[in-house]
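All values below were derived from every heavy atom in this structure, side-chain atoms included, with hydrogens, water molecules and symmetry-related copies excluded. Chain letters run A, B, ... following the sequence lines, proteins first, then strands; residues in each count from 1.
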Amino acid sequence: MRSATLPRASGRRGAFLLTLIKYAILVMVAILCLMPFVWVWSSAFKPSLEIADTPLSLPREPTLQNFANAWVQGRFAKYFTNSVIVTVPIVGFTLLLSSLAGYAFARHYFRGRQTLFYAFLLGLTLPFTSIMIPLYYTLRDTGLLGTYWAMIIPQTAIGLPFGIFIMRAFFQSLPRELEDSGRVDGCNEFGVFWRVMLPLTAPGMVTLGIFSFLGAWNSFLLPLIFMQRESLRPLVVGLMFFQSRYTRDFALIMAGATIISVPVIVVYIIFQRQFIQGLTAGAVKG
Amino acid sequence: MSVRPSLRRSWRRQALPLLFVLPALLVYALFVLWPFVNTIHYSLTDWDGAQPVKNFIGLANYRDMFADPLMWLSLRHNLIWIALGTLTPVVIGLVLANLVWSGVKGRTLFRTIFFMPVVLASVVVGIIWHWIYHPLFGPINVVLRNVGLEQVARGWLGDYDWALYALLLAGLWAYFGFCFVILLAALQGIDMELHDAAMIDGAGSFKRFWHVTVPQLAPVLTMLTAFTLIGGFNVFDIIFVTTKGGPANATDVLATYTYRQAFTLNEAGYGATLTMMITVLSLVASYTFITLRERGQ
């Protein structure tokens, strides 16, 4: 159809109209994205009665009572601590193990390198579902079930393929001369890695760290199965059980959802450049 | 030190890199590869998680699975989820990415906002939409009642015919931003000379989009599709948090059904067989697309 070409003759008014439509669409989608956030976060500050009365309006008499209730009676203080206790080592181990392995894959030739790398790549396409059942019984039989390790180790393990993939790419982008100059200066092989090369991949570590943090903080199925004891639940699982228990106290649930989502949104907004760069570098180039 | 230089060199070349890989390899082999091998093993047994012995029963589980109407129903829901949930966010993402790419003020702001739902835990997404669909004071029903469409208002997630699609919409809300960001980055990397050449040849904006832009985006589109397919065969969180597969299995998918079999009914053997179904579908999907992509390049 020829008419797809816009008639240039319509000139400035046509162009103005097009721009207007363009912005209208973008703003509308932005509102649809933001509205649920505004709704949840503002409901968290509403007294329960006000929600039943005027569910959609902004809070008239904002209160922190819902947060206090969720934090103490809802045991969100405990769940928050649990989330931090598992997330910190998961991010740390993922960074350490991925950069060690990524460095070897990027900078050294050794027998079996290709095979090993493919073995790790398999993990990029293998869903967690594929391993969850035997993993549960392994953790049970080794006595790790019922400890924080039941989440820390498996979550680290399933993050390694992606971590190695990213760190390898970052190490590959560093010039060879740096490594040699480190050797000339008398560093041993580990020193070359630790003191010369690793600091240069800081942007890569930040990117991977954010991915690893979000993955651990938001992870649901894994702790649902492996962290069944109430005292071990991370926030996300805590919120799910919380919801089924206080199913009618809407304001309390929204306070819980706010406690989980605010740290994630803050981290995302602070690091969004690195985050989106990492995401698109992997997808567009890799 | 009387170590021969060649030995030293082979230490440096062979053993040392392996030492760097070893910690990751150990964790990965013990907690990913070995469990996967065990999944295959379990699927050939009738183990219930408690007996000391795992009875080998050959392919009996697989025979049962292919005769299990609930497996087929769940798989059907996965396929609906994939058919609608793959195409729609990619198309929406592509349209929006094009709008932003064609030059707007506040590009970063739009990107930040569109991506916000993506970083949210899917449990939170589920809970948010659970309340959006609430029969009494969920915003959708409130609005419907206020505009006089009272008869359309319903408990969306409790409705046998609507629940799956209602959840799909929530999934779409939480995912299209991902497609948008990836496609926008890809658009920024395309070859503008081809575009200009097509313009000089008199191609309209739609034609340029279809014949010049889209082919250049093909590798990224392939990757996104593969990604969404794998996600579609594994969807769990958002459904489990809201409906747990109900009402009357209306939103059951392979992962929720597998979870029930494996961890509520303790059918470790049959659960593993269902897991193998998900695994094979995911691997076939991703390898098909990787092959397609490599052929394209």
Can you tell which part of [X] gets under 4.5 Å to a heavy atom of chain B, answering side chain, backbone, both or neither?
X	value
Met254(A)	side chain
Leu124(A)	neither
Leu135(A)	both
Leu239(A)	both
Val27(A)	both
Val29(A)	both
Leu235(A)	neither

Using non-hydrogen atoms only, which part of [X] is less than 4.5 Å away from chain A: side chain, backbone, both, or neither?
X	result
Ser286(B)	side chain
Phe36(B)	both
Phe114(B)	both
Tyr287(B)	side chain
His130(B)	side chain
Trp47(B)	side chain
Trp131(B)	both
Phe176(B)	side chain

Given the options [options], which has more heavy-atom pairs under 4.5 Å with chain A than any of the others?
options	result
Leu22(B), Val37(B), Leu33(B), Ile132(B)	Ile132(B)
Val100(B), Val125(B), Val241(B)	Val241(B)
Ile278(B), Ile230(B), Leu96(B)	Leu96(B)

Next on the checklist: Can you list everything that forms a salt bridge (charged side-chain N to carboxylate O under 4.0 Å, His left out) with Arg233(A)? Sequence neighbours excluded, please.
Outcome noted: none
Checklist entry - So which of Leu221(A), Val264(A), Leu214(A), Leu160(A) has the biggest tally of heavy-atom pairs under 4.5 Å with chain B? => result Leu221(A)
Checklist entry - Would one find more than 12 heavy atoms of other residues, nucleotides or ligands at under 6.0 Å from atom CH2 of Trp194(A)? => result no
Taking all heavy atoms of [X] and all of [Y], pick out the closest pair and write down the distance.
X	Y	answer
Ala157(A)	Val27(B)	CB-CG1, 3.7 Å
Pro127(A)	Ser282(B)	CG-OG, 3.8 Å
Leu97(A)	Ala24(B)	O-CB, 3.9 Å
Leu32(A)	Trp173(B)	O-NE1, 3.0 Å
Pro17(B)	Ala104(A)	O-CB, 3.6 Å

Side-chain ([X]) to main-chain ([Y]) donor-acceptor, under 3.5 angstrom:
X	Y	value
Trp39(A)	Pro139(B)	no
Tyr259(B)	Ile225(A)	no
Arg140(A)	Gly49(B)	yes
Tyr268(A)	Val118(B)	no
Thr39(B)	Ser130(A)	yes
Tyr28(B)	Gly123(A)	yes
Asn218(A)	Val119(B)	yes

Checklist entry - Pairs in or reaching into residues 19-34 of chain A: which pass side chain to side chain donor-acceptor pair (under 3.5 Å), with residues at least two apart or in two chains? => result Lys22(A)-Ser102(B)
Item to check | Parallel, tilted or perpendicular: ring planes of Tyr136(A) versus Phe263(B), cut at 30 and 60 degrees | outcome: perpendicular
Next on the checklist: Please evaluate residues Phe105(A) and Phe20(B) with respect to the criterion ring pair (Phe, Tyr, Trp, His ring centres under 6.0 Å), reporting the C-alpha separation (whole Å), side-chain torsions for both, the decisive distance (0.1 Å), and the verdict.
Outcome noted: CA-CA 9 Å; Phe105(A) 282 123; Phe20(B) 276 82; over 10 Å; no
